[in-house]
There are 2 protein chains.
Amino acid sequence: MPVNSFDNYPMSWKPERKALKRPFYESIATLLEEDIKNGYLAPGTKLPPQRELADFLDLNFTTITRAYKVCKIKGLIYAVTGKGTFVSPSAARSITISRDKMTNCIDLGLVASFEETNEIVAEAIQQVTNKHYLEQLLNYNDPTGIPHQKTAGLNWMKSLGIQTDQEHISIVSGAQNALAVSLTALFEPGNRIATDLYTYSNFIDLAKMHQIQLVPILGDEYGMLPNELDKQCTQLNIHGIFLIPSCCNPTTIMMSDVRKKEIAEVIRKHRLLLIEDDIHAFMTAGMISDYQEPMFNLLPEQSVYICSTSKSICSGLRVAYIAYGDALREKILQAIFTINVKTSSFDAEVVTELILSGKAHDIVSRKKQLAQSANDIYSEYFPEKELNGHPLSFYRWLSIKNLNDGLQMETDLKKHGIRVFHSDRFLSGSTTPNKYLRVALSSTKSLDELKTGLERLKNYLG
Amino acid sequence: MPVNSFDNYPMSWKPERKALKRPFYESIATLLEEDIKNGYLAPGTKLPPQRELADFLDLNFTTITRAYKVCKIKGLIYAVTGKGTFVSPSAARSITISRDKMTNCIDLGLVASFEETNEIVAEAIQQVTNKHYLEQLLNYNDPTGIPHQKTAGLNWMKSLGIQTDQEHISIVSGAQNALAVSLTALFEPGNRIATDLYTYSNFIDLAKMHQIQLVPILGDEYGMLPNELDKQCTQLNIHGIFLIPSCCNPTTIMMSDVRKKEIAEVIRKHRLLLIEDDIHAFMTAGMISDYQEPMFNLLPEQSVYICSTSKSICSGLRVAYIAYGDALREKILQAIFTINVKTSSFDAEVVTELILSGKAHDIVSRKKQLAQSANDIYSEYFPEKELNGHPLSFYRWLSIKNLNDGLQMETDLKKHGIRVFHSDRFLSGSTTPNKYLRVALSSTKSLDELKTGLERLKNYLG
DNA sequence: TTATTTGTTGCTCTACATTTC
DNA sequence: AGAAATGTAGAGCAACAAATA
């Protein structure tokens with residue numbers, strides 16, 4: 001019997017005692033999940049403390065711990081010791097970004113890659129078709145990539161500062177696939193991975209699917225803060241870290257070389273596995289004057305370096321190179337076989353052709369020009385006080401006043417004819433007071449369309 | 001303090017009491033994992049009962065339960081209530097099959113798909129290259145496949161007995177990828193999936209990676225036994241079932257239509273999710289006289305139907321169609337975005353071209369002829385008493401006398417110049433007394449090479 | 001600073017189910 | 001058929017850790 005009657009006690013969530021069936025923890029978790037999904041409990045709502053709810057339901061409080069845990073694993077709620085348990089901002093809905101059908105809507109949401117350069121790729125496809133060894137691309141051989149394709153990949157990565165060999169790279173089906181492979185290979189459900197406070201939203205979803213918990217680490221204008229990372233590592237058992245040092249998606253923050261070294265030191269100290277998504281390397285290495293090298297070079301034995309060609313060369317060809325330390329090799333190969341069997345050799349061959357013929361560099365130059373123009377246009381509409389982040393970024397991070405709920409705002413914007421994503425989508429953990437929009441500059445059919453889109457956005461924000 | 005001294009007590013595994021650190025269960029699990037991986041505990045070894053080990057270590061027996069559970073989830077051990085806990089047959093090593101470098105070795109291991117037909121595919125690639133819409137294949141649009149590609153897929157599947165629509169199929173990167181997507185989308189770590197006793201080895205590994213437990217179900221010459229499935233579902237909380245009804249890999253068993261209906265009844269009763277891998281449908285539908293339809297038709301709302309073109313059309317083009325019930329749609333789309341972002345449109349376009357031009361059917365005919373010839377050759381070397389399993393199977397299931405350990409036998413065979421896989425690789429659960437070899441007939445460069453390989457195998461077996 | 005609130009983790013207890021003898 | 005052996009699962013207890021006032 002509960003000691004008190006809680007009928008008049010203010011509790012944000014009161015499951016019906018009678019509705020509970022054994023096992024209790026499962027029953028409670030189901031009720032909670034339903035109430036979150038049907039919107040009865042809004043994102044951000046503080047749930048009753050474990051002991052209080054336990055008293056109310058006349059159960060031991062660890063039974064509530066268990067129930068909350070089930071929902072936490074599913075990403076529905078999050079908890080902070082000493083503070084309480086809360087409904088997640090992204091609770092019910094998915095935050096994964098993809099290109100779905102949009103009519104009469106200008107896309108400033110999904111970050112595409114200035115598809116104007118694809119005619120060069122089409123030419124390369126034609127050339128590959130004429131190769132005498134075309135048929136050799138059509139069997140099960142060389143699941144991690146054909147040697148000459150890997151050599152081209154090594155060449156490409158060399159220009160980005162990566163030195164490794166055939167045995168320590170594989171070709172996979174794009175950056176997203178590389179991340180899925182890395183998580184599958186190197187982490188287990190229940191593991192924790194440190195990330196920036198705002199990070200790649202598909203990675204957040206991927207982690208959720210693998211039941212890997214993300215631990216948000218604070219950062220400043222130079223990237224993640226080393227002492228914050230160190231603090232969290234000391235407190236929690238953290239297994240890995242995910243970084244996008246060249247140009248963080250969505251914040252456009254470029255990590256300074258000093259900061260990279262400091263963070264690498266903490267990573268080494270706590271023996272974390274680093275997943276470095278360097279999809280923007282092509283617009284950083286050799287472009288930014290004081291840029292030195294990827295973090296992979298600082299921690300080669302405990303890192304996975306992901307180099308996708310979706311942004312730099314062509315998004316429709318699903319090709320990414322993944323480089324790894326010797327200690328990680330076996331597990332990664334295993335995961336590649338298990339998830340992909342192999343990557344399309346044809347796509348890889350087209351990228352290879354583009355790299356070897358030098359056309360890949362032409363494409364990159366053209367994309368950089370387009371990025372420069374798009375950023376110039378953006379500055380006209382939204383002049384920033386001081387330039388923050390990567391100057392050639394394919395998207396910008398626009399600070400906004402705290403208006404509505406993020407999802408509501410996105411819906412409103414769609415009604416105004418543009419798709420943009422709210423910062424809530426990119427939150428790896430708890431909510432923050434600051435709100436932003438990520439504005440993609442690389443997804444419109446033309447720069448004129450981009451102008452129209454930005455115009456609409458400016459009007460909306462007033 | 002333990003009541004007895006166990007120094008002279010026969011226990012198959014005695015972890016050192018002093019080696020234990022807190023938390024105990026984790027410490028015990030680590031020690032057990034090490035002893036299994038370094039080979040100190042051989043597959044099949046019976047571990048001490050929980051209570052006995054607990055007494056020995058002076059702990060509560062449920063702490064041992066926890067420790068065993070950790071290893072069980074990793075697939076290192078398996079347990080049967082009332083019987084005991086045992087080291088898994090596949091414990092330490094990976095059983096995933098892929099094409100790695102082999103010199104002077106005839107491959108009867110990996111099941112390829114008579115790659116002689118790839119010249120037809122090469123022609124189709126050339127035709128796709130000339131399409132005026134080539135550039136449209138190179139962007140992020142239509143992540144589940146371009147409409148006309150999906151229409152071609154629907155056409156193809158129609159000939160296999162599947163009726164569905166655009167909204168309920170997606171194009172993914174091959175069967176393996178489809179399985180990864182399905183597991184990620186529909187199951188969680190700790191879930192259980194029923195399978196045949198012998199099943200697709202990459203699926204076993206995939207399940208292991210996702211920490212999904214496989215529950216082996218006995219079968220006979222017509223496939224899985226309905227009452228066995230029903231029994232396990234009643235006993236355990238089983239969430240799904242994985243079947244390869246048209247021609248089970250590795251056993252070549254073709255499930256009878258009567259059996260399909262019976263099994264479907266049990267699946268419906270227990271609300272299981274069915275994953276139907278119908279990679280061999282093309283050599284069954286319209287070929288086998290009394291074949292009626294895939295199981296998907298019997299349970300459309302709770303099934304995922306996977307139709308890969310790797311075996312039927314071309315293994316290098318990474319394309320599979322996946323059809324699903326409306327209730328599963330959202331989750332599957334989500335998983336596709338999270339794992340792949342999208343499948344190479346180019347590969348899909350080539351397959352589309354092959355289907356629409358009718359060349360795909362030519363390829364299938366040719367492959368069937370080759371399969372027939374290869375099976376005839378096999379029968380010359382290994383005449384079976386009665387014909388079992390699918391007559392056109394790309395591999396055969398050869399019963400052997402219980403000789404060595406499976407891995408040892410594979411190594412010996414490699415020394416004799418052939419790669420063949422032992423039945424231990426395909427075991428989803430406990431060991432069995434019967435031993436087999438899976439002999440692939442579709443991976444040699446020519447039928448002559450196949451003859452040489454089978455000759456060597458026959459000599460080896462004496 | 002310290003006490004309080006709140007969440008986390010590991011271990012134990014109890015009830016129960018299945019298999020074997 | 002019934003007792004013993006053996007594994008499973010839920011719930012409770014206690015020690016601990018972090019945040020906050």
Side-chain angles (χ1 to χ4, degrees), chain A residues 11-13 20-30 32 46-73 77-87 190 192 213 215 228 231-238 429-430, chain B residues 9 11-13 20-30 32 46-73 77-86 190-192 213 215 228 230-238 429-430:
Chain A
M11 253 200 318
S12 61
W13 186 60
L20 294 191
K21 289 189 292 280
R22 276 179 169 262
F24 296 133
Y25 83 98
E26 218 173 82
S27 194
I28 296 167
T30 309
L32 182 54
K46 182 178 191 297
L47 293 172
Q50 298 176 352
R51 280 158 240 253
E52 204 168 301
L53 186 57
D55 207 2
F56 173 70
L57 295 172
D58 199 17
L59 292 168
N60 182 280
F61 77 94
T62 54
T63 304
I64 311 296
T65 311
R66 268 197 202 66
Y68 279 8
K69 194 174 186 178
V70 171
C71 291
K72 204 164 50 174
I73 280 174
I77 61 179
Y78 67 93
V80 186
T81 304
K83 220 172 181 177
T85 307
F86 307 84
V87 179
R192 294 194 183 86
Q213 284 183 59
V215 181
E228 289 287 331
K231 201 178 85 187
Q232 291 293 335
C233 288
T234 314
Q235 284 173 14
L236 296 164
N237 184 13
I238 295 184
S430 54
Chain B
Y9 205 88
M11 258 203 309
S12 62
W13 186 59
L20 294 191
K21 288 189 293 276
R22 275 180 170 262
F24 296 134
Y25 83 97
E26 222 172 48
S27 193
I28 296 168
T30 310
L32 182 53
K46 183 177 190 300
L47 294 172
Q50 298 176 351
R51 280 158 238 255
E52 202 168 301
L53 186 55
D55 206 4
F56 172 70
L57 295 172
D58 200 18
L59 291 167
N60 183 282
F61 79 93
T62 55
T63 304
I64 311 297
T65 311
R66 265 206 211 25
Y68 279 7
K69 194 175 187 177
V70 171
C71 291
K72 203 163 50 172
I73 280 175
I77 60 179
Y78 67 94
V80 185
T81 302
K83 222 170 180 175
T85 307
F86 307 84
N191 282 182
R192 293 193 183 87
Q213 284 182 60
V215 182
E228 289 286 330
D230 188 58
K231 201 177 84 186
Q232 291 292 332
C233 288
T234 314
Q235 285 173 15
L236 296 164
N237 184 12
I238 296 184
S430 53

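Just so it is clear: chains get the letters A, B, ... in the order the sequence lines come, proteins before strands, and each one is counted from 1.
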Would you kindly give the [atom1]-to-[atom2] distance between [X] and [N], to the nearest whole Å?
| X | N | atom1 | atom2 | result |
| --- | --- | --- | --- | --- |
| A/L53 | C/dT5 | CG | C1' | 16 Å |
| B/K83 | C/dT19 | NZ | C1' | 8 Å |
| B/K46 | D/dA5 | NZ | P | 12 Å |
| B/F86 | C/dT19 | CZ | P | 13 Å |

Evaluate the side-chain proximity of [Y] to [X]: yes if any heavy-atom separation is below 4.5 Å, no if none is.
| X | Y | value |
| --- | --- | --- |
| B/Y25 | B/L59 | no |
| A/T62 | A/R66 | yes |
| B/L57 | B/T63 | no |

Exercise. Counting any heavy atom closer than 4.0 Å, what does A/K231 reach on the DNA or RNA strands: base, sugar-phosphate only, or nothing?
Worked result: nothing
N/O (side chain, [X]) to phosphate O (OP1/OP2, [N]) under 4.0 Å:
| X | N | value |
| --- | --- | --- |
| A/Q50 | C/dT8 | yes |
| B/K72 | D/dT8 | yes |
| B/K69 | D/dT8 | no |

Problem set entry | Donor-acceptor contact below 3.5 Å, side chain B/S12 vs main chain B/K46 | yes
Exercise. Would a distance-only check, ignoring hydrogens and angles, find a side-chain to backbone donor-acceptor pair under 3.5 Å from B/T85 to B/A79?
Worked result: no
Exercise. For B/L53 and B/W13, which heavy atoms make the closest approach, and how far apart are they?
Worked result: CD2-CZ3, 4.0 Å
Can you name the atoms? Protein N/O to nucleotides 10-15 of chain C N/O, anything below 3.5 Å, with the distance.
from: C/dG10; atom 1: OP2; to: B/Y25; atom 2: OH; distance (Å): 3.4
from: C/dC11; atom 1: OP1; to: B/F24; atom 2: N; distance (Å): 2.7
from: C/dC11; atom 1: N4; to: B/R66; atom 2: NH2; distance (Å): 3.0
from: C/dT12; atom 1: OP2; to: B/N60; atom 2: N; distance (Å): 2.9
from: C/dT12; atom 1: OP2; to: B/T63; atom 2: OG1; distance (Å): 2.9
from: C/dT12; atom 1: O4; to: B/R66; atom 2: NH2; distance (Å): 3.1
from: C/dC13; atom 1: OP2; to: B/N60; atom 2: ND2; distance (Å): 3.0
from: C/dC13; atom 1: N4; to: B/T62; atom 2: OG1; distance (Å): 3.1

Exercise. For B/T65 and A/G82, take the nucleotide of DNA chain D holding the closest heavy atom to each; which residue's nucleotide lies nearer the 5' end?
Worked result: B/T65
